[in-house]
Every structure is written in C-alpha cells, then in structure tokens.
Amino acid sequence: MNYWLMKSEPADVSIDDLAHRNTVGWYGVRNYQARNFMRDTQQVGDGVLFYHSSCEQVGIAGIARVASAPYPDPTQFDPTSKYFDPKSTPEKPRWQQVDVEFVRKTPLLSITQLRQYPPLAEMVVLQKGSRLSITPVTQQEWDFIQELLAC
DNA sequence: GCCAACGTTGGC
DNA sequence: GCCAACGTTGGC
C-alpha cells in the first residue's frame, strides 16, 4: 500500500468531475517517470491526493484511490487527441494509465498552506523545480494531511 | 506572460 | 554517449 499525489488541471478533470463520474482513466501522462509509477508501483487501493494544478487555486482538492491495474492510454492512438503519439502502436503501446476512483472532496489545501508545515517540507511536489505529475507521498505526510483535513 | 527547472531530441 | 538546442511544465 502506497500513497501518491496526482496532478490534474481542473479545466480538464476537476475533483467535482471525479465526484460525478466516480472513476476516471488517468490519461495523458507523457513522462516516463510518472508512467513508471503507474505501471510498476501503483496498486489498486493506493491512496491518492487529488491535486489541482495550473489554475487559480492550486493545491489538494480531494482524496481518491487507485482503482485499476495499468492499461494502455487510449489517447496515444487517437490522431485527434493532443496526447496522440505517432511512435506508439497498439502492439507496443508506450503510455499506460490507471483508473482513479473518487473518495471525497476536501477543503482546498493550497500550495502556500502546504509549504507552511515543517512535516511536509520534504514532500516531493513541494521541492524546487518539481514538475512530475505523479509523486510519491510518505505515510507520515499522508497521516499529517489527513489530520489537517480532520480539523 | 515570465522564467526557472527539467526532459527530450538529434547531430556528432 | 555527449551535450547544445529546444520544448514543456507550472507556480507566480
């Protein structure tokens, strides 16, 4: 059992979208490190901090969980998709995704708030220059954030 | 829109 | 395999 922070642009898929649809395929990852986390390390049931990025209110917007094994991201084969990858084939797919299932929406924990808590100082997503869209979260960080949200 | 940081590409 | 050039991310 592991914990993760997964970035989504709310203009694309927000926590409210996830709440409505219950489960979404995490399509569009085009970074090998992030892909490898989904393909090699994530397991069904892993906890996910659902994070809104590239928007007005950047931060943790809800809780979710990993809900499937990895499978090929269909957008890589779709020439009309901005995630189309001409070098990928159905026989040898390059990009994988998992399904992510809604758990609950939370009050927004903004990135500036997150930076104020010393126990979160080492969070990967808060490190300078960190751009990975999927990052591991430690048990301690997860527990601390759950306590914050319980207040 | 800026720009730091990082990832990818491709010539050699 | 090196590395310069270029492209992308994402907070501000």
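To find a chain, count down the sequence lines: A is the first, B the second, and so on, and within it residues start at 1. Predicted, not measured: the structure shown is a model, and the values here were computed from it.
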Check: A/F84 ring centroid to A/F77 ring centroid under 6.0 Å: no

Salt bridge flag under 4.0 Å for residues A/R65 and A/D46: no

Any pair counted as salt bridge (Lys or Arg N to Asp or Glu O under 4.0 Å), so long as it reaches residues 31-40 of chain A, sequence neighbours left out: none

With A/W26, the ring pair (Phe, Tyr, Trp, His ring centres under 6.0 Å) member among A/Y83, A/W4, A/F50, A/Y71: A/F50

Nucleic acid footprint by protein, nucleotides 3-12 of chain C - heavy-atom cut-off 4.0 Å, B for base, S for sugar-phosphate alone: ----BBBSSS

Any A/V48 side-chain heavy atom under 4.5 Å of A/I63 side chain: no

